[in-house]
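Lettering of chains follows the sequences in order, A, B, ..., and the numbering in each one begins at 1.
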There are 4 protein chains.
Amino acid sequence: MKQLAQLIEEGRITDPQSARGRLLAKAAHLFKEKGYERTTVRDLAASVGIQSGSIFHHFRSKEDILFAVMEETILYITAKMREALEQAPTPRDRLLALLRCELESVLGGTGEAMTVLVYEWRSLSEPRQDEILKLRDQYEGLWLDTLSEARDAGLVKGDVAVLRRFLTGALSWTITWYKPEGSMTVEELAQQALYLVVKE
Amino acid sequence: MKQLAQLIEEGRITDPQSARGRLLAKAAHLFKEKGYERTTVRDLAASVGIQSGSIFHHFRSKEDILFAVMEETILYITAKMREALEQAPTPRDRLLALLRCELESVLGGTGEAMTVLVYEWRSLSEPRQDEILKLRDQYEGLWLDTLSEARDAGLVKGDVAVLRRFLTGALSWTITWYKPEGSMTVEELAQQALYLVVKE
Amino acid sequence: MKQLAQLIEEGRITDPQSARGRLLAKAAHLFKEKGYERTTVRDLAASVGIQSGSIFHHFRSKEDILFAVMEETILYITAKMREALEQAPTPRDRLLALLRCELESVLGGTGEAMTVLVYEWRSLSEPRQDEILKLRDQYEGLWLDTLSEARDAGLVKGDVAVLRRFLTGALSWTITWYKPEGSMTVEELAQQALYLVVKE
Amino acid sequence: MKQLAQLIEEGRITDPQSARGRLLAKAAHLFKEKGYERTTVRDLAASVGIQSGSIFHHFRSKEDILFAVMEETILYITAKMREALEQAPTPRDRLLALLRCELESVLGGTGEAMTVLVYEWRSLSEPRQDEILKLRDQYEGLWLDTLSEARDAGLVKGDVAVLRRFLTGALSWTITWYKPEGSMTVEELAQQALYLVVKE
DNA sequence: TATGAATGAGAGTTCATTCAT
DNA sequence: TATGAATGAACTCTCATTCAT
């Protein structure tokens with residue numbers, strides 16, 4: 001419930017209004033649009049209206065910016081998922097909640113950062129990758145718990161690990177084709193995904 | 001049947017034994033492993049045992065190499081899909097054939113090039129993207145035709161365009177987690193994917 | 001006698017207890033250890049526990065700090081030499097007094113600043129170099145007078161200007177190898193230097 | 001005798017006519033004149049008439065240039081000292097030979113590089129310092145052997161290690177004041193240094 | 001065709017200095 | 001006085017590309 005508020009208070013998620021927060025949002029956008037390597041520090045600085053040298057008052061290196069984008073995103077979505085799970089009463093509700101939540105993350109405000117998380121993985125140094133992996137494991141734990149519960153309730157069949165992986169690909173790929181201005185809402189998309197998973 | 005042989009004969013797909021062919025294979029590997037931007041022309045040259053300047057006797061620019069990897073890959077997999085479809089008698093067989101064929105492409109010999117096709121898209125200039133998109137449309141046409149046929153036969157339900165897109169993500173994502181040395185074969189993976197799609 | 005006290009009173013040598021004085025001492029240390037160019041204003045500020053911007057309330061520029069270190073050092077050692085000379089009755093005593101005094105300067109509390117004076121000379125702008133050179137001439141005058149007197153007394157032979165220059169190099173170089181915790185005292189070192197110079 | 005020729009043949013000392021050799025000579029000059037830190041890679045490139053990027057075809061980094069200057073210099077002077085020692089029949093001759101040889105090194109063609117060796121020591125990374133130190137030990141070994149022999153022959157008195165250190169400083173310092181166009185030749189300077197050392 | 005030295009634009013980063021608070 | 005975010009020029013280094021050999 002208070003998970004998200006707590007993260008912000010602890011400073012683990014930067015206030016989006018702050019200079020640092022605005023830079024991270026712009027960085028997610030540019031990294032997604034042009035790729036991390038093709039985005040220059042000068043691009044980043046210009047996007048928030050400062051000089052290139054000033055970037056280094058907020059981050060020690062360009063890679064630190066990439067890391068911060070990834071880390072804050074995964075912390076954020078994990079907290080949102082926990083909140084969503086708490087408010088869903090049945091296994092089916094919880095499954096739908098996760099689908100909706102992940103789609104909202106991919107397609108909504110944090111969508112660009114989520115895409116960066118997937119596409120710019122190799123640009124992160126190994127030690128940094130390990131740090132993110134730890135956070136990712138917590139997030140994936142929520143999914144596996146919920147899918148296992150759904151399988152026990154007879155909602156889904158087959159190997160839940162494989163199922164989750166199919167879902168990861170299918171849902172993250174939506175960023176490449178889903179258009180919010182089209183005829184389908186995110187809620188409907190989540191329903192379509194539920195149909196894919198649930199055998200009744 | 002003779003589609004692939006024809007492409008090679010026409011020179012649209014390079015002989016993998018030739019100097020150019022070996023360079024393309026190594027390029028796919030390096031682009032996948034390190035990313036296009038982080039792979040230098042020197043890396044590419046060294047991987048086939050020549051000097052960096054000599055690369056430009058085979059390709060006009062680094063981007064040309066990326067384009068060639070992508071173009072040849074999509075030509076190759078389209079030809080393979082056509083061959084597979086011709087040998088499958090029923091709608092269900094044809095659906096399974098496509099799943100198997102796409103998974104084999106992603107996870108087999110051309111897997112690295114397929115990954116490059118997905119992950120390095122933004123490194124291609126727009127005119128080049130358009131060229132690849134035309135080829136991709138042909139490939140996707142095969143999928144949509146087959147899925148439509150399956151829907152008419154009552155095999156699958158829902159919007160086939162959405163279904164294909166869910167599948168694109170789910171199958172291409174396998175490259176990140178599937179281990180050939182594990183307990184599951186690619187054939188079994190294709191079966192699992194079929195279960196996901198087909199409602200009986 | 002009262003030379004040193006007078007300089008402090010006049011404000012030409014900064015009170016080492018003051019903020020400015022502590023900064024100069026730390027600066028001498030850092031400049032010696034890392035070199036002037038490699039020492040950042042941030043390093044200097046951090047060494048006295050203030051922020052980098054605050055440095056410029058005490059000094060107009062980084063070069064001013066270097067200049068102050070050099071100027072105060074040469075003023076200080078000149079004053080000490082004058083005092084030492086006044087208390088030495090014979091030419092031989094006076095020669096030993098200078099040797100002892102210069103060695104104490106190089107190896108003692110002002111040693112780091114003396115090293116900076118030698119090693120960071122080129123980092124000073126030409127007008128500033130000229131200012132220091134004037135002070136240096138006064139200092140060297142004391143040496144030449146004393147050596148000339150020693151030569152007239154038959155203590156030393158040869159060209160006193162050349163002799164002084166040999167000595168300058170020999171004594172300043174001690175900073176690189178002399179260890180106070182070793183078996184030789186500075187007094188003994190001064191004696192060794194005297195043996196080098198005096199032919200009896 | 002053939003020591004120097006051998007070093008050149010082995011490629012441990014670069015041919016001064018080659019691009020690399022000319023760069024090293026210019027680097028020694030600039031490093032001495034402006035200091036290593038204040039000399040930019042662009043300065044170095046311009047001094048031999050190439051573009052800044054081209055420097056990195058010859059050296060991997062700016063520090064590599066500094067290292068090469070130091071290493072080649074100490075190899076060169078060690079070889080020259082060995083040759084000079086072989087041709088000197090008596091202990092006194094050998095002592096004079098070393099004095100002359102070191103002065104020629106400091107004041108002659110390699111003088112700038114020798115100065116760099118002394119003044120830019122801190123700009124070298126520690127592993128590189130260790131490499132140079134090993135070479136320096138060989139060089140200093142020649143001095144200590146010759147001084148010990150001279151002491152056994154009654155030519156010099158006192159601690160030869162301290163004596164060598166006084167000499168190091170005195171001789172290297174000549175670079176700051178000796179003018180070849182003045183009235184004193186290097187040979188006479190070597191004689192003056194011998195008078196300083198030898199007690200007859 | 002192959003080489004490899006050279007190019008030169010542009011990358012990430014540093015840092016003395018300024019200035020509103 | 002002190003702060004610390006911001007500046008902006010300059011730094012070392014990278015790299016796709018060219019070209020004389």
Side-chain angles (χ1 to χ4, degrees), chain A residues 18-20 23 36-46 48-66 123, chain B residues 18-20 23 36-46 48-66 123, chain C residues 18-20 23 36-46 48-66 123, chain D residues 18-20 23 36-46 48-66 123:
Chain A
S18 70
R20 182 187 158 105
L23 180 57
Y36 172 76
E37 298 287 347
R38 295 169 94 89
T39 303
T40 71
V41 168
R42 282 175 175 79
D43 291 336
L44 292 169
V48 290
I50 59 175
Q51 296 295 317
S52 65
S54 309
I55 288 273
F56 296 90
H57 268 274
H58 302 285
F59 298 92
R60 304 183 90 156
S61 70
K62 188 185 169 191
E63 199 204 354
D64 271 26
I65 302 177
L66 178 61
S123 296
Chain B
S18 70
R20 183 187 159 104
L23 178 58
Y36 172 77
E37 296 287 346
R38 294 168 99 89
T39 302
T40 70
V41 170
R42 272 186 162 70
D43 291 337
L44 293 169
V48 291
I50 60 176
Q51 294 297 318
S52 65
S54 310
I55 286 274
F56 295 90
H57 289 286
H58 300 282
F59 296 91
R60 305 182 83 163
S61 72
K62 188 185 170 190
E63 199 204 355
D64 273 24
I65 301 176
L66 178 61
S123 295
Chain C
S18 70
R20 182 187 159 104
L23 178 57
Y36 171 77
E37 296 288 346
R38 295 169 98 89
T39 303
T40 70
V41 170
R42 273 187 160 71
D43 291 336
L44 293 169
V48 290
I50 60 175
Q51 296 295 318
S52 64
S54 311
I55 286 272
F56 296 90
H57 289 285
H58 300 283
F59 296 90
R60 306 183 81 162
S61 71
K62 188 184 170 191
E63 199 204 355
D64 273 24
I65 301 175
L66 178 61
S123 296
Chain D
S18 69
R20 184 188 157 104
L23 179 57
Y36 171 77
E37 298 287 347
R38 293 170 96 89
T39 303
T40 71
V41 169
R42 278 180 170 76
D43 291 337
L44 292 169
V48 290
I50 59 175
Q51 296 296 315
S52 66
S54 309
I55 287 274
F56 296 92
H57 268 274
H58 301 286
F59 298 92
R60 304 184 90 155
S61 71
K62 189 185 168 190
E63 198 205 354
D64 271 26
I65 302 177
L66 178 61
S123 296

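Note: CZ (D:F59) to C1' (F:dC13) measures 16 Å, nearest angstrom. What separates CD of B:E37 from P of E:dG10 is a distance of 15 Å, to the nearest Å. The nearest whole Å value for the distance from the CG atom in D:L44 to the P atom in F:dT12 is 8 Å. Atom CD1 of D:I55 and atom C1' of F:dT12 are 11 Å apart (whole Å). For the pair D:I65 CD1 and F:dT12 P, the computed distance is 10 Å after rounding to whole Å. Rounded to an integer number of Å, the gap from CZ of B:R38 to C1' of E:dG12 is 13 Å. Spacing between atom CG of B:D43 and atom P of F:dT14 amounts to 13 Å, rounded to whole angstrom units. As a whole-Å value, the separation of C:L23 CG from F:dA2 C1' is 14 Å.
Applying the salt bridge (Lys or Arg N to Asp or Glu O under 4.0 Å) test to D:R38 and every residue at least two apart in sequence or in another chain returns C:E37. Every residue meeting the side chain to side chain donor-acceptor pair (under 3.5 Å) condition with B:T40, not counting sequence neighbours, appears here in chain and number order: B:D43. Residues passing the side-chain contact (heavy atoms from CB on, under 4.5 Å) test with A:Q51 are A:S54, sequence neighbours excluded. Under the side chain to side chain donor-acceptor pair (under 3.5 Å) criterion, A:S18 pairs with no residue, sequence neighbours left out. With sequence neighbours left out, D:A46 forms a side-chain contact (heavy atoms from CB on, under 4.5 Å) with no residue at all.
Distances were taken from every side-chain heavy atom of D:Q51 (C-beta onward) to each of F:dA16, E:dG8, F:dT3; the shortest belongs to E:dG8.
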Within the sub-3.5 Å range, which N or O atoms of nucleotides 17-21 of chain E have a protein N or O partner, and how far apart are they?
residue	atom	partner	partner atom	Å
E:dT17	OP2	C:K62	N	2.8

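A distance of 11.5 Å separates CG in A:D64 from CD1 in A:I55, rounded to the nearest 0.5 Å. Taken to the nearest 0.5 Å, the NE2 atom of A:H58 stands 5.0 Å off from the CD1 atom of A:I50.
Note on residues 53-63 of chain A: no pairs pass salt bridge (charged side-chain N to carboxylate O under 4.0 Å, His left out), not counting sequence neighbours.
Contact annotation: the side chain of A:V41 never approaches that of A:I65 to less than 4.5 Å [non-hydrogen atoms, C-beta and beyond].
Counting any heavy atom pair closer than 4.0 Å across all strands shown, C:I50 reaches sugar-phosphate atoms only and no base atom.
Within the helix from E:dA2-F:dT21 to E:dT21-F:dA2, the inter-axis angle between the opening and closing five-pair segments is 10°, rounded to 10°.
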